[in-house]
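Heads up, the thing below is written out as structure tokens.
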Amino acid sequence: KCRAWCNFNGEGTVSIRGSGNISSLVDLQTGGYRLNFINNLVDANYSVVGVGNSGSYYTDTFEADTFTTSYFNAWTYSRGTSTSGNTTITDLPFIHFAVFR
């Protein structure tokens with residue numbers, strides 16, 4: 001089942017556009033966010049699927065870590081306007097995810 005979901009703006013003052021079972025969003029640093037659950041999960045054995053999108057970059061990626069029953073951290077990366085090279089951690093205006101357990 002989907003236990004939580006969120007659509008948020010990760011640039012500037014971060015803000016949630018819409019969500020389910022997410023109480024708050026914390027801006028940790030550039031490209032880093034903490035998502036807090038309204039209702040804790042039974043354990044930390046869940047999966048997070050997500051995507052970040054700037055609307056203009058070739059490759060934007062999303063990863064999650066620090067899984068706990070009450071929150072997880074999310075990170076967004078971009079390759080910029082290049083089709084090759086390393087990704088860099090960056091804030092993105094469109095970030096979407098779902099939590100499944």
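Any value given below was found using the heavy atoms of this structure, including those in side chains, with hydrogens, waters and symmetry copies removed.
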Heavy-atom nearest pair, Leu35 first then Ala74, reads CD2-CB, 4.0 Å
Do the side chains of Phe67 and Val48 get nearer than 4.5 Å, heavy atoms only? yes
Hey, could you give me the CZ/OG1 distance between Phe62 and Thr76, rounded to the nearest 0.5 Å? 8.5 Å
Nearest atoms (heavy-atom pairs only) where Thr90 meets Ser78: CG2-CB, 3.5 Å
Measuring from Trp75:CH2 to Gln29:CD, what's the distance to the nearest 0.5 Å? 4.0 Å
The test is side-chain hydrogen bond (donor to acceptor under 3.5 Å, both in side chains); show your working for Ser23 and Asn36 and say whether it passes. CA-CA 6 Å; Ser23 64; Asn36 296 297; 5.0 Å; no
Correct closest heavy-atom pair for Ala4 and Ile22 would be CB-CD1, 4.0 Å
Applying salt bridge (Lys or Arg N to Asp or Glu O under 4.0 Å), which residue pairs with at least one partner in residues 14-35 are found, sequence neighbours left out? none
Run Tyr71 and Asn40 through side-chain hydrogen bond (donor to acceptor under 3.5 Å, both in side chains) and show every step you take. CA-CA 8 Å; Tyr71 72 87; Asn40 288 351; over 6 Å; no
Return yes if some donor-acceptor pair links the side-chain N/O of Asn21 with the main-chain N/O of Arg3 below 3.5 Å, else return no. yes
Which atom pair, heavy atoms only, marks the closest approach of Ser15 to Leu25? N-CD2, 4.1 Å
Which distance, rounded to the nearest 0.5 Å, do you find between the SG of Cys2 and the CZ of Phe100? 4.5 Å
Qualifying residues under salt bridge (Lys or Arg N to Asp or Glu O under 4.0 Å), relative to Asp43, sequence neighbours excluded: Arg101
Counting C-beta onward and ignoring hydrogens, is there a side-chain heavy-atom pair between Ser47 and Val99 closer than 4.5 Å? no
Just do the side-chain contact (heavy atoms from CB on, under 4.5 Å) check on Thr69 and Val42 with the steps written out, would you? CA-CA 6 Å; Thr69 59; Val42 296; over 6 Å; no
Would you compute the distance between atom OG of Ser19 and atom CG of Asn7 and round it to the nearest 0.5 angstrom? 9.5 Å
Could you go through Phe8 and Tyr33, starting from their C-alpha distance and side-chain angles, then the distance that decides it, and tell me whether this counts as ring pair (Phe, Tyr, Trp, His ring centres under 6.0 Å)? CA-CA 10 Å; Phe8 68 95; Tyr33 315 94; 5.2 Å; yes
Is there a side-chain contact between Val14 and Asn9 in this structure, where contact means two heavy atoms from C-beta onward sitting under 4.5 Å apart? no
Using 30° and 60° as the class boundaries, would you call the ring planes of Phe37 and Phe72 parallel, tilted or perpendicular? tilted
Rounded to the nearest 0.5 Å, how far does OH of Tyr77 lie from CG of Leu92? 11.5 Å
To the closest 0.5 Å, what do you measure between OG (Ser24) and CD1 (Ile16)? 7.0 Å
